[in-house]
Amino acid sequence: MSEKVRSGATYDDVLAAPEDRIAEVVGGDLYLSPRPALPHARILSALGSDLHDAFDRGRSGPGGWWILDQPELHLFGDVLVPDLAGWRRDRIPRIPDAPAMEIAPDWVCEVLSPSTETFDREQKIPRYALAEVSHLWLVDITRRRLEVYARSASAFVRTERHDGNAVVSAPPFEAAAIELARFW
């Protein structure tokens, strides 16, 4: 479960966190989450592989993106670690040689599990909107669902929902067909 462990947190608190936890600072509060369980990691690997081939490498799709697994983002004083994130290469021609990215991604994906869903929905998503991330995907393990969001003004609006074993072509990755059956 994602747990708030300290208010008034700094990056030093992130660095001092136990290695078996993901440490994030959201609105000045330090949260610790467990490392992903195997079903969570499986979805992360499958989706990341599909998107990386098509959009990062351009091998089975148009390319033009950087797709990263669990990058550390430093945005407006927050330290966030999305499950996946993507930047358009026309905006970021190369990945900086740095431990963290200080430029908001164009797309983020969070894989929701019972232990992280509340934290992701209530704490992280509003911060992604504040940072002007354009697209958000939520993959819900329990409900076997993909929710697709677009930022409108200062919040995200759900534009699509796909359940079960659907084959999905969703913004901003419409050029690829994602087989949800591979996740479950």
* Begin from the C-alpha positions of His52 and Trp65 and carry the test side chain to side chain contact (heavy atoms under 4.5 Å, CB included) through to its verdict. => CA-CA 8 Å; His52 188 268; Trp65 286 78; over 6 Å; no
* Tell me, with the steps shown, if Arg6 and Asp13 meet salt bridge (Lys or Arg N to Asp or Glu O under 4.0 Å). => CA-CA 9 Å; Arg6 183 167 195 266; Asp13 295 308; 2.7 Å; yes
* Asked: Under the side chain to side chain contact (heavy atoms under 4.5 Å, CB included) criterion, do Leu44 and Leu84 qualify, and how do the steps go?
  -> CA-CA 7 Å; Leu44 199 80; Leu84 291 165; 4.0 Å; yes
* **Test log, rule side chain to side chain contact (heavy atoms under 4.5 Å, CB included), inputs Ile141 and Val111** => CA-CA 7 Å; Ile141 293 172; Val111 178; 3.8 Å; yes
* Asked: Between Cys109 and Val139, is a side chain to side chain contact (heavy atoms under 4.5 Å, CB included) present by the stated rule, with each step listed?
  -> CA-CA 7 Å; Cys109 178; Val139 179; 3.9 Å; yes
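Remark: Arg127 does not engage Glu24 in a salt bridge, criterion side-chain N to carboxylate O under 4.0 Å. Under 4.0 Å is where a charged nitrogen must lie from a carboxylate oxygen, and between Asp106 and Arg91 at least one such pair does. Arg35 has no carboxylate O lying under 4.0 Å from a charged side-chain N of Asp20, or vice versa, which leaves the two without a salt bridge.
We find the CD-CD distance between Glu117 and Glu122 to be 9.0 Å, quoted to the nearest 0.5 Å. We find the OG-CZ distance between Ser45 and Phe183 to be 10.5 Å, quoted to the nearest 0.5 Å. Separation of atoms CD (Gln123) and OG1 (Thr118) is listed at 9.5 Å; rounding is to 0.5 Å. For the atom pair Ile67 CD1 and Trp87 CH2, the distance stands at 9.0 Å (nearest 0.5 Å). From Leu68, atom CG reaches atom CD1 of Ile95 across 4.5 Å, with rounding to the nearest 0.5 Å. The distance from the CG atom of Leu75 to the CD atom of Glu132 is 11.0 Å, given to the nearest 0.5 Å.
The nearest pair of heavy atoms linking Val148 to Pro171 is CG1-O, 3.8 Å. The heavy-atom pair separating Val81 from Ala23 by the smallest distance is CG2-O, 4.2 Å. The two residues Ala129 and Ala155 come nearest to each other via the heavy atoms CB-CA, 4.0 Å. In terms of heavy-atom proximity, Ser115 sits nearest to Pro34 at OG-CG, 4.1 Å. When all heavy atoms are compared, the tightest approach of Trp184 to Arg145 is CH2-N, 3.5 Å. Taking each heavy atom of Thr159 and Ala150 in turn, the nearest pair found is CG2-CB, 4.0 Å.
By the criterion of side-chain heavy atoms lying less than 4.5 angstrom apart, applied directly or through intervening Ile, Leu, Val, Met, Phe, Trp or Tyr residues, Leu51 is not grouped with Met101; the two fall into different hydrophobic clusters. A continuous path of ILVMFWY side-chain contacts below 4.5 Å connects Ile125 to Val108, so both sit in one hydrophobic cluster. Under a hydrophobic-cluster definition in which Ile, Leu, Val, Met, Phe, Trp and Tyr are linked whenever side-chain heavy atoms come within less than 4.5 Å, directly or via other members, Tyr31 and Val14 are assigned to different clusters. Neither Leu15 nor Ile22 shares a network with the other; the hydrophobic side chains, linked directly or stepwise wherever heavy atoms of I, L, V, M, F, W or Y lie under 4.5 Å apart, form separate groups for each. No path of Ile, Leu, Val, Met, Phe, Trp and Tyr side chains, each step under 4.5 Å between heavy atoms, connects Leu80 with Met1, placing them in separate hydrophobic clusters.
A heavy-atom distance below 4.5 Å is found between the side chains of Leu138 and Leu136. Inter-residue side-chain proximity for Ile103 and Ile92 is flagged as met; some heavy-atom pair is nearer than 4.5 Å. Between Val79 and Val26 the shortest side-chain heavy-atom distance does not fall below 4.5 Å. Using a 4.5 Å heavy-atom threshold, the side chains of Tyr11 and Glu72 count as touching. Taking 4.5 Å as the limit, every side-chain heavy atom of Arg151 sits out of range of all side-chain heavy atoms of Tyr128. Side-chain contact between Ser169 and Ile178 is absent, with no heavy atoms from C-beta onward closer than 4.5 Å. Annotation: side chain of Leu180 is not in contact with side chain of Asn165 (no heavy-atom distance under 4.5 Å). Looking at Leu73 and Glu102, their side chains never come closer than 4.5 Å, going by heavy atoms from C-beta outward.
Residues His40 and Asp83 have side chains that bring a donor and an acceptor to within less than 3.5 angstrom of each other. Between the side chains of Asp53 and Ser60, not a single donor N or O lies within less than 3.5 Å of an accepting N or O. Side-chain atoms of Tyr149 and Glu160 form no donor-acceptor pair, as typed in the model, at a separation below 3.5 Å.
For the pair Arg89 and Trp66, the cation-pi test (distance below 6.0 Å, angle within 45°) is passed.
In this structure, Gln70 places its CD atom where more than 12 heavy-atom neighbours from other residues, nucleotides or ligands lie under 6.0 Å away.
Aromatic pair Phe173/His135: ring centres not closer than 6.0 Å. Taking the six-membered ring for Trp and the full ring otherwise, Trp107 and Trp137 have centroids separated by under 6.0 Å.
Residue Asp50 is tested with Arg59, Arg182, Arg57 for a salt bridge (charged side-chain N to carboxylate O under 4.0 Å, His left out); the sole match is Arg182.
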